[in-house]
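First comes the structure, then the notes that go with it.
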Amino acid sequence: MTSIDLPRRAVLGTAAGAVAAACLTGCGDSGDDHPAPRERKKGQKITLSFWSWVPGIDKPVALWNRRNPEVQVTVEQVSAVDGEQYAKMHAAIKAGNPPDLGQIEFPVIPSFLLDNGLLDLAPLGAARHKDKFFGWQWRQSVFGKGIYAIPQASGPMGLFVRQDLFEKWDVPVPTTWDAYEAAAKKIRKKGAWIETFSATNGNRLAGLAWQAGAKWYATKGDTWLISIDDEPTRKVADYWEALVRQKLIKTIPDRQDAWYKDLQTGAIPAWVGASWGDALLVGNAPGTKGKWRAAPLPQWKPGGRTFANWGGSTTAVFAKAPYPKDALDFAVWLNTDPESIALLIEGGYGFPSAKKGYATGALDVDKAFFGGQEYSKIFADAGAHVDTSWQWGPGVDTLYQRLGDAFTDALGTGASFRSVLAKVQGQTIADLKGKGLKVESGA
Amino acid sequence: MSRDTLSRPEPVARRAPDGARPARRISRTEARNARAAAGFVLPFLALFALCFLAPIVYAVYQSLHKTERTGPLGLGGQEHEVFAGLANYTHALSDDQFLAGFGRVLLFGAVQVPLMIVLATALALLLEGASARGIPFFRSAFFLPYGVPGVIASILWGFLYVPGISPLVKIAQSVGWDVDFLARGTVLWSIANIVTWQFTGYNMLVLIAQLKSVPEELYEAARIDGANAWQVARHVKLPLIRPALVLTGVFSIIGTLQLFAEPKVLRPLASSIDSGFTPNLHAYSEAFVGNNQHVAAAEAVLLALVACVASFVFLRLVGGRGKERG
């Protein structure tokens with residue numbers, strides 16, 4: 001009997017301890033409901049927590065920690081699969097224990113504002129850093145008079161191709177979408193697929209719609225205008241649907257094992273990607289070194305120069321951060337200090353948002369992989385021709401999920417891609433109304 | 001067992017009213033007993049309230065409220081919770097995707113649960129009836145998958161399902177069978193396979209445990225009556241392990257409704273699983289992608305109700321005959 005009793009008692013003890021601990025942290029949090037913006041005393045040592053998924057982010061952070069013994073930053077690597085990092089952040093905000101800083105992409109900033117999750121950096125004087133960054137990227141985190149994040153990187157879009165295979169099959173690298181379709185046909189005849197249409201990749205679709213001139217979100221007074229089902233997006237949807245229905249393109253999810261294997265074996269010799277895609281290719285198709293090239297994103301009109309952006313992220317300070325000034329200082333340093341940027345580029349984090357502090361050439365991290373091509377010039381040019389009026393709104397995570405579900409459904413049932421847009425347009429308006437926002441259809 | 005403990009207090013209750021013995025002494029012992037009982041029960045009740053009742057109450061509370069926002073464009077303004085009545089429930093119940101998820105898990109349960117229980121029973125009877133060496137090895141081998149967490153199991157099976165990587169697909173294709181485990185029509189059964197792989201051994205072990213408690217004399221008697229192995233299994237063993245079968249059945253039904261890890265893990269690999277594939281996944285998406293904790297709470301409450309009703313119906317269906325025997 002006693003032998004059973006002992007562990008039971010031990011279990012109870014542990015459980016009670018856990019309960020007590022939960023209560024303690026709970027009490028601590030509720031006490032912090034109205035935090036006076038604390039200033040760090042001179043010489044006081046503090047630690048800031050930072051959630052990020054950027055590869056190699058620990059290196060610039062380590063540099064900061066060496067230089068700033070009083071303000072230490074600890075990085076927690078979070079999963080970026082399927083938007084899990086944002087689920088975790090939203091949950092932490094709800095639970096009252098978010099980190100001090102977080103890696104947040106442009107599109108989801110408004111969702112966090114809806115949560116009152118981000119600290120307005122304007123009262124801390126963030127505006128004086130404005131000129132250090134590309135204007136349109138700075139504006140991605142400005143809403144009204146508030147400044148809610150420090151831009152870090154963007155993702156100008158381009159086309160990655162397997163030069164060797166395109167040459168072997170005598171397929172010219174497409175410069176227009178019509179040429180892309182023609183290339184798809186030729187490649188299909190060789191037994192490969194030009195690439196994949198990933199139903200769940202709302203990010204890329206947004207970029208392609210952006211290139212075509214769509215404006216999914218706009219504002220009129222205090223009303224959000226939603227235009228997912230607008231003419232430019234329909235054009236894009238029709239185009240990809242035609243490729244899918246003619247079976248010229250695969251429909252497996254991208255950036256998954258099967259897709260990486262196809263890249264490695266040459267079953268998929270192209271990818272409409274973004275500047276940060278170089279690191280993905282290098283890391284996941286090492287056997288194809290020297291065979292890839294970057295090309296400009298195909299255009300709708302021959303000779304056109306309209307480009308788009310896929311991804312791009314910021315360093316944001318969460319609303320309850322006890323030492324906001326130090327957090328802001330770190331965020332600005334991380335994204336403007338030349339040494340920090342050099343380390344971030346090495347990690348493969350995308351195109352710097354800072355205007356100075358790096359040379360374009362430094363971005364050709366994997367030049368050898370691209371056969372010596374100075375591929376970052378392609379993306380720099382794309383970045384300079386991105387339509388800078390594109391704006392994001394709240395609920396983008398839900399929008400992507402809706403798109404993913406509807407495209408998944410359309411691929412299975414044969415429903416038209418246009419019907420997907422119409423459906424998601426309606427759902428998005430209903431979702432935002434459900435969140436208590438004023439919403440209208442802008443399409 | 002339970003009948004014994006229930007009948008024990010009766011004499012005390014009968015003794016009290018007649019007042020033949022000094023009531024004080026009894027009440028003192030009773031008080032001491034009550035204090036001791038409270039001492040044992042209170043920690044349990046506290047934990048029960050904290051870990052079980054409180055979350056349920058909070059979920060129900062959340063499900064009856066909604067967030068209202070003010071401020072320019074709804075951003076950065078004030079937000080407060082207001083009473084929403086049953087709005088979240090009507091929202092959930094008018095969501096086609098959520099309802100489709102229920103249809104899917106019910107279909108899943110109708111096929112997978114009986115299959116798994118039959119399989120587990122067959123394995124249990126075989127391993128219990130055989131007297132060969134190596135039985136413990138096979139018992140552990142069948143049980144082993146249960147030791148693998150559901151997420152890991154799903155990742156493992158995911159590799160076996162994804163075309164281009166999977167050796168299974170390659171083998172199938174080499175014999176001319178073009179199989180896609182992750183296609184729209186098959187993915188549910190690929191998930192059923194993972195669940196069956198994981199839990200058959202577990203259920204088998206529960207059944208074996210009950211088989212072990214059957215007195216040997218019953219088998220002897222059956223054999224003397226001339227019953228063969230099949231007849232012993234059919235007419236002696238199966239009726240006697242009925243409680244274990246009911247138990248595993250209820251657990252499996254509840255488990256089916258809670259289906260989450262498998263579709264969640266396979267979703268990025270398969271273009272056929274949407275974000276509301278099962279009710280649980282739908283509630284998760286509402287809460288953590290859509291940030292609609294209130295709707296998610298309503299969905300969780302609905303899910304619990306359905307699990308409750310399903311278990312109850314199942315117990316009624318199988319319990320009726322059990323009582324006749326008892």
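Here is the naming used below: chain letters follow the sequence lines, and residue numbers restart at 1 for every chain.
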So for [X], is it side chain, backbone, both, or neither that comes closer than 4.5 Å to the heavy atoms of chain B?
X	answer
Thr408(A)	both
Leu399(A)	neither
Ser198(A)	neither

For this output row, return yes or no: ring centroids of Tyr400(A) and Phe407(A) closer than 6.0 angstrom. no
Between His65(B) and Tyr61(B), is the ring centroid distance below 6.0 Å? yes
Segment of [X] engaging chain A (4.5 angstrom heavy-atom cut-off):
X	result
Ala270(B)	backbone
Ser272(B)	backbone
Val162(B)	side chain

Between [options], which residue shows the highest count of heavy-atom pairs closer than 4.5 Å to chain B?
options	result
Thr219(A), Leu432(A), Asp409(A)	Asp409(A)
Lys261(A), Gln256(A), Met89(A), Arg402(A)	Gln256(A)
Glu84(A), Lys438(A), His90(A)	His90(A)
Asp120(A), Leu411(A), Asp115(A), Asp431(A)	Asp115(A)
Lys88(A), Gln401(A), Arg255(A)	Gln401(A)

Neighbour count >12 (heavy atoms, 6.0 Å) for atom NZ, Lys215(A): yes
CZ of Phe83(B): more than 12 outside heavy atoms within 6.0 angstrom? yes
Quick check with a 6.0 Å cut-off and a 45 degree axis cone: is Arg204(A) positioned over the face of Trp240(A)'s six-membered ring? yes
Within 45 degrees of the ring normal and closer than 6.0 Å to the centroid, is that where the cationic atom of Arg104(B) sits relative to Phe277(B)? yes
Measuring from Phe260(B):CZ to Asn280(B):CG, what's the distance to the nearest 0.5 Å? 6.5 Å
Among Asn291(B), Asn292(B), Thr67(B), find the residue that satisfies the side-chain hydrogen bond (donor to acceptor under 3.5 Å, both in side chains) test when tested with Lys435(A). Asn292(B)
